[in-house]
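This report concerns only the one structure given below.
Computation of the quantities below employed the complete heavy-atom set of this structure, encompassing side-chain atoms and omitting hydrogens, waters and symmetry-equivalent molecules.
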Amino acid sequence: MTSRSGFELPKPQGLRQQGERDCSVPVFSALTGIPQDQIRAELPGAAEGKLSVEGWEVWLQKKGFKVTRHDGCPLDVLPCAHLVASVMYSKDDAHWVYRDADGDVHDPSPVSMYMPADDERMRNLSIYSIKILTLS
């Protein structure tokens, strides 16, 4: 987005999670175009962070999507959902983020709400210590 003065404004975070563990819901809604309310109704465990990667893959396939899993988080797969973490004491520390078609990364966590999606640290995922996998 460019202002009248030619200054390019940062791209704001476009996703917000509602609860403490439901980062996957807005991420997979953005990835698929399926409304968050529909995802919550079909996958009640998702809002509690209880849906496994395999659970998301099965659900996506049932919805007619061809799902590809990548080890780590390649930067050239667009759009996609990355599973990342800052620390990894248990599987509950993993967190979903969404990479849009422009390569910008949207993190639904309130912690990231002021970090622009097009900030280089978001785009290259250096803000996260651990890059687990990617679903596209």
Side-chain angles (χ1 to χ4, degrees):
M1 182 183 321
T2 305
S3 70
R4 288 184 192 167
S5 67
F7 174 74
E8 192 166 319
L9 298 172
K11 188 178 203 177
Q13 290 292 325
L15 305 178
R16 299 280 184 274
Q17 63 190 65
Q18 294 178 7
E20 191 174 315
R21 301 286 315 145
D22 68 339
C23 58
S24 61
V25 175
V27 166
F28 285 97
S29 176
L31 185 63
T32 64
I34 296 172
Q36 289 186 40
D37 290 341
Q38 182 178 340
I39 294 173
R40 290 176 194 283
E42 293 179 15
L43 301 168
E48 299 168 8
K50 294 182 178 177
L51 196 62
S52 68
V53 172
E54 293 79 13
W56 280 112
E57 289 173 320
V58 167
W59 179 79
L60 289 164
Q61 290 166 346
K62 285 182 181 177
K63 292 293 182 188
F65 294 97
K66 181 180 179 234
V67 180
T68 305
R69 184 192 293 207
H70 308 268
D71 288 332
C73 295
L75 304 180
D76 61 344
V77 178
L78 304 171
C80 64
H82 295 295
L83 188 59
V84 296
S86 293
V87 296
M88 196 72 175
Y89 298 116
S90 76
K91 67 178 182 159
D92 291 338
D93 294 323
H95 176 69
W96 287 103
V97 297
Y98 170 67
R99 183 180 299 276
D100 67 21
D102 296 327
D104 301 325
V105 176
H106 300 268
D107 186 332
S109 171
V111 173
S112 298
M113 73 182 344
Y114 298 111
M115 174 71 80
D118 58 356
D119 185 288
E120 191 57 33
R121 294 167 291 177
M122 293 299 285
R123 290 179 62 92
N124 67 24
L125 300 173
S126 66
I127 194 167
Y128 310 103
S129 304
I130 304 164
K131 290 93 173 163
I132 302 166
L133 63 85
T134 298
L135 293 182
S136 63

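A continuous path of ILVMFWY side-chain contacts below 4.5 Å connects Leu31 to Leu51, so both sit in one hydrophobic cluster. Under a hydrophobic-cluster definition in which Ile, Leu, Val, Met, Phe, Trp and Tyr are linked whenever side-chain heavy atoms come within less than 4.5 Å, directly or via other members, Phe65 and Leu83 are assigned to the same cluster.
Here the side chains of Lys63 and Thr32 are not in contact, with every heavy-atom distance at 4.5 Å or above. Here the side chains of His106 and Lys11 are in contact, with some heavy-atom distance below 4.5 Å. Side-chain atoms of Ile34 and Phe28, non-hydrogen and from C-beta on, never get closer than 4.5 Å to each other. Looking at heavy atoms from C-beta onward, Val67 lies out of side-chain contact with Trp59 at the 4.5 angstrom threshold. Under the 4.5 Å side-chain criterion, counting only non-hydrogen atoms from C-beta, Leu125 is in contact with His82. Looking at Val97 and Met122, their side chains never come closer than 4.5 Å, going by heavy atoms from C-beta outward.
From Met113, atom CE reaches atom CZ of Arg16 across 4.5 Å, with rounding to the nearest 0.5 Å. Taken to the nearest 0.5 Å, the NE2 atom of His95 stands 5.0 Å off from the OG atom of Ser109.
Here the closest non-hydrogen pair linking Ala85 and Ala94 is CB-CA, 4.2 Å. In plain terms, the two heavy atoms of Tyr98 and Cys80 that are nearest each other are CD1-O, 3.4 Å.
Of the possible donor and acceptor atoms, one in the side chain of Gln13 sits under 3.5 Å from a partner among the backbone N and O of Met115.
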**Q.** Criterion salt bridge (charged side-chain N to carboxylate O under 4.0 Å, His left out) on Asp104 and Arg123, from CA distance to verdict
**A.** CA-CA 5 Å; Asp104 301 325; Arg123 290 179 62 92; 2.4 Å; yes
